[in-house]
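First comes the structure, then the notes that go with it.
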There are 4 protein chains.
Amino acid sequence: MRKIDPERQRAKRRQIIEAAGTCFARRGFHATTTAEICAAAGMSPGNLFHYFDSKNAIIEAIVEEERRDTAAYFAELGTAPDPFDALLGFLDVVMALAADETYSRLTLEIAAEAMRNPAIGALTAANDAETRAAIAALLRAAMTHGRVDADLDPEQAATWIAALIDGVFSRLAVDPSFAPEREKPMLRLIVSRFLSSRRPV
Amino acid sequence: MRKIDPERQRAKRRQIIEAAGTCFARRGFHATTTAEICAAAGMSPGNLFHYFDSKNAIIEAIVEEERRDTAAYFAELGTAPDPFDALLGFLDVVMALAADETYSRLTLEIAAEAMRNPAIGALTAANDAETRAAIAALLRAAMTHGRVDADLDPEQAATWIAALIDGVFSRLAVDPSFAPEREKPMLRLIVSRFLSSRRPV
Amino acid sequence: MRKIDPERQRAKRRQIIEAAGTCFARRGFHATTTAEICAAAGMSPGNLFHYFDSKNAIIEAIVEEERRDTAAYFAELGTAPDPFDALLGFLDVVMALAADETYSRLTLEIAAEAMRNPAIGALTAANDAETRAAIAALLRAAMTHGRVDADLDPEQAATWIAALIDGVFSRLAVDPSFAPEREKPMLRLIVSRFLSSRRPV
Amino acid sequence: MRKIDPERQRAKRRQIIEAAGTCFARRGFHATTTAEICAAAGMSPGNLFHYFDSKNAIIEAIVEEERRDTAAYFAELGTAPDPFDALLGFLDVVMALAADETYSRLTLEIAAEAMRNPAIGALTAANDAETRAAIAALLRAAMTHGRVDADLDPEQAATWIAALIDGVFSRLAVDPSFAPEREKPMLRLIVSRFLSSRRPV
DNA sequence: GATGAATGAGCCTTCATTCAT
DNA sequence: GATGAATGAAGGCTCATTCAT
């Protein structure tokens with residue numbers, strides 16, 4: 001009398017998500033066929049649909065997972081003693097992720113798909129909103145520590161930091177010489193100067 | 001017996017490019033069918049392929065045109081008396097373009113397609129390289145005027161300014177509250193603080 | 001070590017037949033998936049196929065059951081004192097069945113499937129032949145009582161009575177205002193006038 | 001400068017309808033693949049969809065055509081001098097159609113599909129309503145001539161004549177010995193006795 | 001040059017049935 | 001006996017592109 005084993009279920013879904021992620025990163029979402037995903041996941045074409053209702057549902061799951069990971073990351077970061085250092089640390093993490101080709105290509109793929117697919121668009125937008133809120137929270141905390149220009153609007157500043165991060169991934173799509181790991185200090189510098197309270201000009 | 005009229009030829013191609021651009025901006029490159037482009041351009045499918053060998057060739061032409069426009073813009077900008085002001089002016093132009101929904105969506109569409117399609121990828125990369133080179137040239141000139149931190153590597157700084165610009169377009173895809181026109185001053189501020197020679201902290 | 005319990009076996013089969021009948025009536029034979037039948041019968045897909053070799057075998061069983069019921073009904077009817085009244089009573093029973101939506105839809109479903117599926121077709125044809133034979137027998141008996149026009153061929157007349165009955169079910173598919181219960185007298189009238197050698201009214 | 005030739009268009013559609021009708025009659029609507037229809041119509045799989053949006057649209061067109069034919073037939077019949085003879089003539093026509101195997105199987109196929117597909121169901125119901133109305137009109141006219149029992153409700157009588165006709169097609173599905181041509185007189189007899197106000201022999 | 005009909009490869013998904021446990 | 005995961009064949013439809021006129 002075998003019962004539904006949620007453990008196995010989840011493992012299978014992970015396996016598919018992993019396989020699909022690799023495929024999407026390699027060939028793009030549209031160009032990837034469900035057959036390819038099945039092959040990569042080592043299963044029959046029909047079986048895939050026991051775990052996901054559609055090809056779309058797979059990216060949705062990928063985005064959802066990314067969202068959970070990001071939320072978890074920020075939850076931890078929120079308790080950091082120095083919020084400004086936490087922010088700079090976050091930037092390093094972003095750059096490390098950007099250096100992972102599969103991750104970065106998948107990120108770009110999701111961004112592209114978000115424009116087309118309303119469901120993905122909504123998930124991505126929600127994900128982005130959460131990220132900006134978390135950054136804004138860090139900024140607010142850092143302001144009380146006097147580490148961030150108090151004249152800045154935290155939400156707006158967070159938006160531009162998010163823009164900068166998006167820009168990093170765009171670089172990867174367009175500029176083959178862009179090496180995230182090497183650029184870590186520069187990103188820190190830009191953000192630091194941006195947020196710094198010392199007057200420029 | 002009429003000779004091929006290159007004038008007419010070019011006019012037709014423009015007409016198609018215009019129609020296709022609108023379609024791509026509205027529904028995305030993949031989702032746009034050649035039939036839709038034909039309808040928008042007011043011509044038959046057979047005729048479309050007299051002017052472009054393939055659907056791909058159409059975006060290629062769009063990107064190529066964008067490239068020419070950008071090059072022309074920078075050629076003019078290179079002669080500006082104050083290179084730093086020219087740079088800030090360029091940022092304003094970018095923000096104005098970003099505010100144009102058709103333009104911004106088409107830009108995002110091209111970026112997405114560049115990842116998939118090697119030909120588009122190469123064109124986009126070349127386009128981007130030219131842009132970065134032009135920005136770098138402005139930076140170098142501004143350095144001699146003492147308006148830009150001479151410790152910065154102009155190429156690297158240009159790369160990050162390009163990243164910031166890309167980031168603006170990403171914002172549009174993901175954050176419905178992002179209004180480019182309103183954000184102009186903030187972009188100027190970030191770039192100014194970034195480039196400024198006054199040392200923060 | 002338990003022996004196969006034929007009682008349980010039969011009970012399970014009935015359970016499946018019942019569930020499947022409801023599904024077929026509701027959504028049609030082709031549109032009903034085995035998964036739906038399983039859900040309705042409260043069992044797993046694997047288990048279903050312990051009791052029936054195929055989806056087809058299920059309707060076959062349904063038709064077979066219908067056949068047994070009909071045969072039993074006519075066996076009883078054959079002993080009726082007045083065969084003509086028995087026939088009219090049979091028509092009332094038909095109309096009562098037609099008023100049952102599940103029964104009528106299932107009947108139509110079986111008829112449709114009979115055209116496609118040779119096995120079902122054969123069963124249905126056999127069933128129909130038995131019904132006609134039974135009606136013909138009643139007619140022959142009624143003729144000896146002088147209640148039925150002796151110039152009619154009993155087999156042929158039975159065929160047309162069967163046609164009329166089929167027609168009732170067709171009405172249900174096509175005419176939403178057709179109410180079997182209300183039409184009982186009319187069916188009696190038509191058949192009576194058809195069969196009668198005397199003047200009606 | 002070839003313009004859209006509506007003549008050709010219609011011819012192609014007819015060709016497809018014909019081919020599809022044959023296929024549906026032979027193998028049933030569900031079992032017939034679009035590829036088969038294309039093969040039968042002598043065209044490529046893609047081309048079919050220039051003329052019909054979907055497989056469904058093809059039966060819809062078939063039903064619609066049937067409806068037009070029926071309406072035209074009754075329009076002509078409405079002007080007949082003797083409505084009762086016209087009705088009996090109609091019954092002969094029905095029997096002649098029933099004798100055409102392709103026509104009769106297609107009719108049954110449509111009836112089956114009408115139960116499943118709401119669009120087909122609506123068309124079929126409308127078609128049926130028109131037919132009943134036309135028969136009722138004939139009956140009413142025949143009543144004024146004294147050829148039909150004036151105590152009958154024309155609509156109800158028409159309904160039962162329609163049922164009888166449906167029953168004829170059902171016979172074809174279930175009783176291989178049923179030969180429509182041979183049964184013509186019997187149908188006339190049944191309907192005559194049903195409608196007659198005089199005493200039949 | 002222009003038209004629109006024709007082509008045909010390919011993809012996502014469904015579902016009856018089988019099989020390992 | 002029972003479970004539910006796995007199989008894999010098949011089908012409707014799309015759409016970039018070609019071709020006859």
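Proteins come first, then strands; the chains are lettered A, B, ... in the order of their sequence lines, and each starts at number 1.
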Point to revise | Pairing string, 5' to 3', for DNA chain F - Watson-Crick or wobble contacts under 3.5 Å, brackets [ ] where pairs cross, | to another strand | key: .||||||||||||||||||||
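With sequence neighbours excluded, the residues forming a side chain to side chain contact (heavy atoms under 4.5 Å, CB included) with D:R10 are D:P6, D:E7, listed by chain and number. For D:E60, the salt bridge (Lys or Arg N to Asp or Glu O under 4.0 Å) test picks out no residue, with sequence neighbours left out. Shown here are the side chain to side chain donor-acceptor pair (under 3.5 Å) partners of C:N117, two or more places apart in sequence or in another chain: C:N56. Applying the side chain to side chain donor-acceptor pair (under 3.5 Å) test to B:E101 and every residue at least two apart in sequence or in another chain returns nothing.
Applying the salt bridge (charged side-chain N to carboxylate O under 4.0 Å, His left out) definition to pairs two or more places apart or across chains, none involves residues 41-54 of chain A. For residues 29-47 of chain A, the set of pairs meeting the salt bridge (charged side-chain N to carboxylate O under 4.0 Å, His left out) definition, not counting sequence neighbours, comprises A:R27-A:E36. Counting only residues at least two apart or in different chains, ring pair (Phe, Tyr, Trp, His ring centres under 6.0 Å) contacts with residues 14-47 of chain B comprise A:H30-B:H30, B:F24-B:F29. Among residue pairs with one or both ends in residues 104-115 of chain C, those qualifying as salt bridge (charged side-chain N to carboxylate O under 4.0 Å, His left out) are C:E109-D:R116; sequence neighbours excluded.
Here the side chains of C:I16 and C:M43 are in contact, with some heavy-atom distance below 4.5 Å.
Contacts between residues 40-60 of chain C and DNA chain F, counted as heavy-atom distances below 4.0 Å, involve C:S44, C:P45, C:G46, C:N47, C:H50, C:Y51. Contacts between residues 15-34 of chain D and DNA chain F, counted as heavy-atom distances below 4.0 Å, involve D:T32, D:T33, D:T34. Within residues 106-119 of chain C, no residue has a heavy atom under 4.0 Å from DNA chain F.
Looking at A:K12, its side chain never comes within 3.5 Å of a backbone N or O of A:L48 through a donor-acceptor pair. Side chain of A:R13 to main chain of A:Y51: a donor-acceptor pair is present (N/O by atom type, distance under 3.5 Å, no hydrogens or angles).
Remark: D:K12 is in phosphate contact with E:dA6, judged by side-chain N or O atoms under 4.0 Å from OP1 or OP2. At F:dG4, none of the side-chain N or O atoms of A:Q9 fall inside 4.0 Å of OP1 or OP2 (strictly under the cut-off).
When the shell of 6.0 Å around CZ of A:R26 is examined, it contains 12 or fewer heavy atoms from other residues, nucleotides or ligands.
With rounding to the nearest 0.5 angstrom, the CD1 atom of D:I62 is 7.5 Å from the CD1 atom of D:I58.
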